[in-house]
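Fair warning: this is a prediction, and the values are worked out from it, not measured in the lab. Heavy-atom basis, side chains included; hydrogens, waters and symmetry copies ignored. Protein chains get the first letters and strands the later ones, always in sequence-line order, with residue 1 at the start of each.
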Number of protein chains: 2
Amino acid sequence: MRDHSNRSAGRPTLEEVAARAGVGRGTVSRVVNGSAQVSPKARKLVQDAIEDLGYVPNRAARALVTQRTDSIALVVFESGERFFAEPFFGRIVQSVSSVLVARNLQMVLMIAQAPEERRQLEGYLTRQHVDGALLLSLHGDDPLPALLEERGVPTVRVGRPVHPEPVSFVDADNRGGARAAVSYLREQGRRCIATITGPMDMAPGVARYQGYRDVVGDGPAAAGDFGEISGAMAMEWLLTNYPQLDAVFAASDMMAAGALRVLRRAGRRVPEDVAVIGFDDSVIARHTDPPLTSVYQPVEQMGQETVRLLLAKLDGEEPVERETVMPTRLILRGSA
Amino acid sequence: MRDHSNRSAGRPTLEEVAARAGVGRGTVSRVVNGSAQVSPKARKLVQDAIEDLGYVPNRAARALVTQRTDSIALVVFESGERFFAEPFFGRIVQSVSSVLVARNLQMVLMIAQAPEERRQLEGYLTRQHVDGALLLSLHGDDPLPALLEERGVPTVRVGRPVHPEPVSFVDADNRGGARAAVSYLREQGRRCIATITGPMDMAPGVARYQGYRDVVGDGPAAAGDFGEISGAMAMEWLLTNYPQLDAVFAASDMMAAGALRVLRRAGRRVPEDVAVIGFDDSVIARHTDPPLTSVYQPVEQMGQETVRLLLAKLDGEEPVERETVMPTRLILRGSA
DNA sequence: TCGGACCGCGGGAGCGCTCTCGGCATTCCG
DNA sequence: CGGAATGCCGAGAGCGCTCCCGCGGTCCGA
C-alpha cells in the first residue's frame, strides 16, 4: 500500500491491478483465488501489482456474484446475566473464533435476549447474510434450527436438543459426567445423596438429572435454574426436608456455590458432614471455600468440533447430520 | 414468505418486488430505505409485495454501491485465558451488541491473540470490510488505532491509551476508583497499606497504581498481571518483606483472590488482621471467603457509550475525538 | 392562460467481482 | 506435416442494489 497513482482516492480495484500488471481481469482473479491455470510469469506480474497497489478484494462484490458471504453467525440465546456469569460462553466463542479466523471467515456474534431481538434475528439469518449458523444455548423446543434448515442455512448446534431433531449437534456427555460425579459420592460412602437440578427446559439440565437418577434412583431433588441464588434456595429446601443428607450433586458450579453458602450458614461442614460436587469446572470452582469438586467438559474442543461440522456441511454439500458427544471428567477438589 | 412464484429458486430480488407491485425499481428502493418521496398508494403496494414475496434486501449488492458494509468490528486483544476468566469482556460484548442490533448493524467479533492472527486482522480492518472498529484491551503503545484512523476506519477504544493519542476512548475512572478504595482503607485506620499492581504496559494497571500512590505515596507495591497466580505470588513477597502490613489494595479481583488464599495460609485473618480490596466487582468477588470489597465500574454503560461515540463518528462525519470517563464506585463486602 | 416550481416516479448506469466461453499459441500424436 | 488436444488468457455478461437524471402531472402565482 504505497503507490496510489490511480484516479480514485479509494482502494484499487481488480481492474486497476490488471491494467498495472498488463493482463486481463480474469487473470488477476485467477491469481487472487489461487487457480492453477496461470503461467508463472503472469502470476508474478500480478502479485507484484497487487503488492504495489495494496490491493484488497472487495468482499461485497465477490459476495454478490458468488452468493457466499464468508461469514458465519454465532447465535447465543441467553439473558445478559448468564452470558456474563458463565465462562462457558467465552470459551466457546474463543475457540470458534480461532477456527474461523484460520479459514478466513468472519464471525458475526448475535445475542438474542429480548423477544424483539429474537424476531429481528430470525429475519436476519438468511443465506443473504450468512453462510451458516452456530446455535448456542437454545431453550426448550426452539423452532429456529428447523426453520433455518428449511431456509437452506446450514446449522449446527452446541448442546443436544431436548427432543430429537434432524440438526447436527455437538454436546458434552452431561449424563455420563453426572453419573460419574454421583457414583464417586456413593463410593466415598455417602448414604443420602441429593441433587439440585438445572432448568428442565434445557437439555443439560435434563441430562445431568438423568445421570443422577441413573445412580440414585430415588434421592431427593430440588429444582434450580443454574444460577447461584436458585442453588441457595434449593439447598435450604433440601436441608429442611432432608436434614439427614450427606452429599449434594449440583448441576452447575454456580448453584453449588450457593449451596455451599447455605450449608456453611447451617453449620454443616464441607466435606466432612456434606460433600458437594458441581458441574462445569468454571473459575469460581477454584474460589469457593472449600474449592469445589466439579465435572469438567472440554469446552474448547466442543467449540472447534462444532465449527468443523459446520464447515464440512458448507464445503461438502453433504446433508449428513451428525451427533458428536465429548467426554467429561471429574475434577477432584476439597468439597468432596 | 409464502408465495415463491418466481422463476429463481433463490430469494426474490428488488426487481421482482417491483414487478409484482407494478412499480419501478426506484420506488421499491425508496420504500425499503424509508424515503419520504413515495405516495401512500405506491408505498402500500410495495409493502404488500414485499410481504407476499418475503423480500429481504441483499446486503452485498447494497454494500457494493453504498460503500458501506453495515458491520462493526469489535476487536479484543487478549489471550484466551483472560478472555475466559474476565466477565468484563462478556459484559462489554453484550452491551455493545444490544446497541448495534437496535441500529441494524452486525457485530463482527475478532479475537487477536497469536501474532499471525494479529497480522491477519490488520489486513482485514479496512473500509472494504467494516464501517468502524471498537478496540478492546489494547496493550502498550499499540500502533493499530493510529493505523486505522489513517486508513479512514473510524475507531473508538475502550480504555485510555497509555500515552495520549488522537483517538476517541471511553474509560472507567480507574485512578479515582483506586483512590477511593485506598482512602477507605486509611479511614478505617489501616496504617500500612500495600498494593498489588496490574501490568504496567496497560493503562488500567498504571491508573490504578497512580490512584494508590495518590493516597499512600510511599507504600509497598508488588507487581502482578491481573491474574490470580500473580496475585498470590505478589502477596507472598509482600508478607515476607512487609510483615507489618494491615491492608492490601489489589488492582483486580483475581489478584485479590490469590492474595486472600495466601493470607489465609499464612494465618492472617481477613479483615481483622489484614483488609483486602479488589477491583472490577466481578462475580468471583462474591465467592471468595470473606466476600471481597471491590471497586465497581459501569461496564454496560461503558460499552453503550463506546458504540454511541462510534456511531456519531460514522453518521456525522465529524472527526471530533472525544474522551469519556465514567465514575466507579466502591462496593463494600466482608474483606475490608 | 401560461410558465415554472415541485412532487412522484421509472429506468439507465454502474458499483467490483466471478464465471464462462471462445480464441490464440503451443504441443503432441498419428 | 496436418489436425486435435491442451494451456493460458481476455473480455462480455451479469450478480442486486442505489443513485441520479429527466419526464409527466399538479398546483400556484402572475
Exercise for the section: Before giving the answer on side chain to side chain contact (heavy atoms under 4.5 Å, CB included), spell out for A:Asp142 and A:Arg118 the whole-Å C-alpha distance, their side-chain angles and the decisive distance to 0.1 Å. Expected result: CA-CA 11 Å; A:Asp142 198 305; A:Arg118 165 64 197 244; 2.7 Å; yes
Handout entry: Letter per nucleotide, 5' to 3', of nucleotides 7-17 of chain D [B base touched, S only sugar-phosphate touched, - untouched; heavy atoms, 4.0 Å]
Key = -SBBBBB-BBB
Exercise for the section: Indicate whether any N or O donor in one side chain lies under 3.5 Å from an N or O acceptor in the other, for B:Ser95 and B:Gln304. Expected result: no
Exercise for the section: Without swapping roles, check the side chain of B:Asp131 against the backbone of B:Arg68 for a donor-acceptor pair under 3.5 Å. Expected result: no
Exercise for the section: Could you tell me whether A:Glu149 and A:Lys313 make a salt bridge, using a distance below 4.0 angstrom between a side-chain N and a carboxylate O? Expected result: yes
Problem - Sidechain N-carboxylate O distance under 4.0 Å for A:Arg43, A:Asp48 - result: no
